[in-house]
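Step one of this worksheet: look at the structure below.
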Number of protein chains: 2
Amino acid sequence: MSLPNILLGLIKEPTSGYEIKQTFEQVLHYFWNADLAQIYPALKKLEQQGLATSQMAAPDKGPPRKLYQRTTEGTQQLRAWLQDGPQLNTERLHYLTQVFFLGEIPSNKRITFFERLHDYFSQQLNELIEVDNSWSNDDPRYPDNLPDREQAMQFTLRLGLLKINAIVQWCESCLKTLNSKL
Amino acid sequence: MSLPNILLGLIKEPTSGYEIKQTFEQVLHYFWNADLAQIYPALKKLEQQGLATSQMAAPDKGPPRKLYQRTTEGTQQLRAWLQDGPQLNTERLHYLTQVFFLGEIPSNKRITFFERLHDYFSQQLNELIEVDNSWSNDDPRYPDNLPDREQAMQFTLRLGLLKINAIVQWCESCLKTLNSKL
DNA sequence: GGCCCCATGTAATGGGTTACATGATTGC
DNA sequence: GCAATCATGTAACCCATTACATGGGGCC
């Protein structure tokens, strides 16, 4: 049930499906992803439900784009979703289910597994630190006096930094335990 | 693709679908969940693929149970999944997508949202601390000298403690920021 | 000419949730 | 007698992924 609401959140201003996909890839992919093959039908459905309207835009260069924008009912639906409180207990962490059964493979393979996890999350942490730094340099109101929309986005970044930092530490702690038994 | 492998991990010893569901509810639900309506057909499919065998058990009390156990091929499949490395970039955090758009609702509603998050994760943290403590009391080898299977499970608990602690701190930090602007 | 990017879509398949259906036993 | 728990399943629906299809423009 989240995708339609995420799309409503993204189409405050007229926006194309293709543009939305890029926002997923650049920003939201840390905690959500959606494919174009999902986005286009979902936008169409929002329009059929009266939660969004669309108009064609034919720019000078490039192919025509279909721009969607949410209606008043769309905004109401979005707010209802948010005011209904957090949607919890829906996490699916593939890599953790793997860790749970990691005793099934030999010790050296377990170490390789955690080294891969460590590499992946270290890089993600560096990316987020980079975003944090450049935002901090660009806006003197950062991080505690941002306007509402930016503040909400900054909250998600703030969690990313804390959480991924914890995951990197966890990888190092597990690697230490595994290596101490060789 | 994870569920069949998780089931293979759980049916090292003969186990019923109902029992597996309880393991999900008691242990794995922190990072994965599956319904009985998913588990029963998935077990049947494993049997059809030759990755598991089943036998009926008719105990003195209670209804008959169908016990599944993985075959050698099933074990090979499980190990292949683990040795293939971690499955990454598949997270879907519903509540974070909500936070991302939280600027759409008034400030007092935002505070309520974070208070709910804080309550939920604080309770989950307490549960995990409880598990950690009692395990520590029951086994002198805890946490660094456990046998392979238990060590792997302990690794998932270790991440839970670090990560949920980070989330609780995040909630407090965001609430502080939100309250400072009232 | 061939490849990548922009831009929109459909079709087939697989994974997951909700609702429905059955029947025995345990506890109040 | 009734509700809850044990135990197994099917059917319908919705959500997500992969593959396929189309067509213009820029670049080498």
Side-chain angles (χ1 to χ4, degrees), chain A residues 1-8 10-11 14-26 28-29 31-49 52 54-68 81 87-94 97, chain B residues 1-8 10-11 14-26 28-29 31-49 52 54-68 81 87-94 97:
Chain A
M1 294 292 292
S2 286
L3 182 66
N5 291 304
I6 295 169
L7 294 177
L8 286 174
L10 294 174
I11 58 172
T15 312
S16 73
Y18 197 86
E19 240 177 301
I20 288 170
K21 173 61 181 159
Q22 290 175 325
T23 305
F24 274 108
E25 279 172 4
Q26 289 160 22
L28 282 89
H29 77 99
F31 47 90
W32 198 274
N33 222 333
D35 201 82
L36 279 171
Q38 233 192 317
I39 293 168
Y40 289 127
L43 286 170
K44 189 177 254 185
K45 201 178 166 197
L46 288 179
E47 194 176 15
Q48 285 164 2
Q49 292 173 325
S54 73
Q55 67 196 88
M56 293 305 291
D60 293 342
K61 60 168 193 174
R65 304 181 321 137
K66 197 169 178 181
L67 303 179
Y68 287 88
W81 174 59
Q87 276 184 261
L88 296 165
N89 215 16
T90 50
E91 287 185 48
R92 267 162 214 281
L93 300 176
H94 292 255
T97 66
Chain B
M1 293 292 294
S2 287
L3 181 66
N5 292 303
I6 295 169
L7 294 177
L8 286 174
L10 294 174
I11 57 171
T15 311
S16 73
Y18 197 86
E19 239 176 301
I20 288 171
K21 173 62 181 161
Q22 290 175 323
T23 305
F24 275 107
E25 278 171 3
Q26 288 159 23
L28 283 91
H29 77 100
F31 47 91
W32 198 274
N33 222 332
D35 201 81
L36 279 171
Q38 234 191 316
I39 293 167
Y40 289 127
L43 286 170
K44 189 176 254 186
K45 201 180 167 195
L46 288 178
E47 192 175 18
Q48 285 164 1
Q49 293 172 324
S54 72
Q55 68 196 87
M56 293 304 292
D60 294 341
K61 60 169 193 172
R65 306 181 323 135
K66 197 170 179 181
L67 303 178
Y68 287 88
W81 175 61
Q87 278 184 259
L88 297 164
N89 214 15
T90 50
E91 289 185 47
R92 266 163 213 280
L93 299 176
H94 292 255
T97 66

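Just so we're on the same page: letters track the sequence lines, and every chain starts at 1. FYI, side chains are in, hydrogens and waters are out, and symmetry mates aren't considered; it's all heavy atoms of this structure.
- Atom OH in B:Tyr40 sits about 11 Å away from atom P in D:dT10, given to the nearest Å.
- The distance between atom NE2 of B:His94 and atom C1' of C:dG16, rounded to the nearest whole Å, is 11 Å.
- With rounding to the nearest 0.5 Å, the separation of NZ in A:Lys21 from NE2 in A:His29 is 10.0 Å.
- The CG atom of A:Asn5 sits 8.5 Å away from atom CG of A:Leu46, with the distance rounded to the nearest 0.5 Å.
- Looking at heavy-atom distances under 4.0 Å, B:Ala34 makes no contact with the nucleic acid at all.
- Here the C1' atom of nucleotide D:dC15 and the CG atom of A:Leu43 are 15 Å apart, to the nearest Å.
- Distance from the side chain of A:Arg65 is smallest for C:dT8 among the nucleotides C:dT8, D:dG9, C:dG16.
- Between B:Lys21 and D:dT8 there is no side-chain N or O to OP1 or OP2 distance below 4.0 Å.
- When each of B:Gln22 and A:Lys45 is assigned the nucleotide of DNA chain D bearing its nearest heavy atom, the one mapping closer to the 5' terminus is B:Gln22.
- Taking only side-chain atoms of A:Tyr18, from C-beta outward, the nucleotide of C:dT8, C:dG16, C:dT18 with the closest atom is C:dT8.
- Distance CG (A:Leu36) to P (D:dT17): 12 Å, rounded to an integer number of Å.
- Put simply, OH on B:Tyr68 and OG1 on B:Thr15 are 12.0 Å apart, with the number rounded to the nearest 0.5 Å.
- Computed from coordinates, the B:Leu7 CG to C:dG15 P distance equals 12 Å when rounded to whole Å.
- For A:Gln38, a side-chain nitrogen or oxygen approaches OP1 or OP2 of D:dT17 to under 4.0 Å.
- Rounded to whole angstrom, the span from the CG atom of A:Asp35 across to the C1' atom of C:dG14 amounts to 15 Å.
- Comparing atom distances between the A:Lys44 side chain and each of C:dT8, D:dG9, C:dT10 picks out C:dT10 as nearest.
- Contact between B:Ala34 and B:Ile39 at its shortest, heavy atoms only, is O-CD1, 3.9 Å.
- Using a 4.0 Å cut-off, some side-chain N or O of B:Lys66 falls inside it from OP1 or OP2 of D:dG9.
- Dashed line: the shortest gap from a side-chain N or O of B:Arg92 to OP1 or OP2 of D:dT17 is under 4.0 Å.
- The structure places CG of A:Asn33 at 9.0 Å from CD of A:Gln38, a figure rounded to the nearest 0.5 Å.
- Counting to the nearest Å, the P atom of C:dG15 and the CG atom of B:Leu46 are 11 Å from each other.
- Distance B:Ile39 CD1 to D:dA7 C1': 12 Å, rounded to the nearest Å.
- Distances were taken from every side-chain heavy atom of A:Pro63 (C-beta onward) to each of C:dG16, C:dA7, D:dA7; the shortest belongs to C:dA7.
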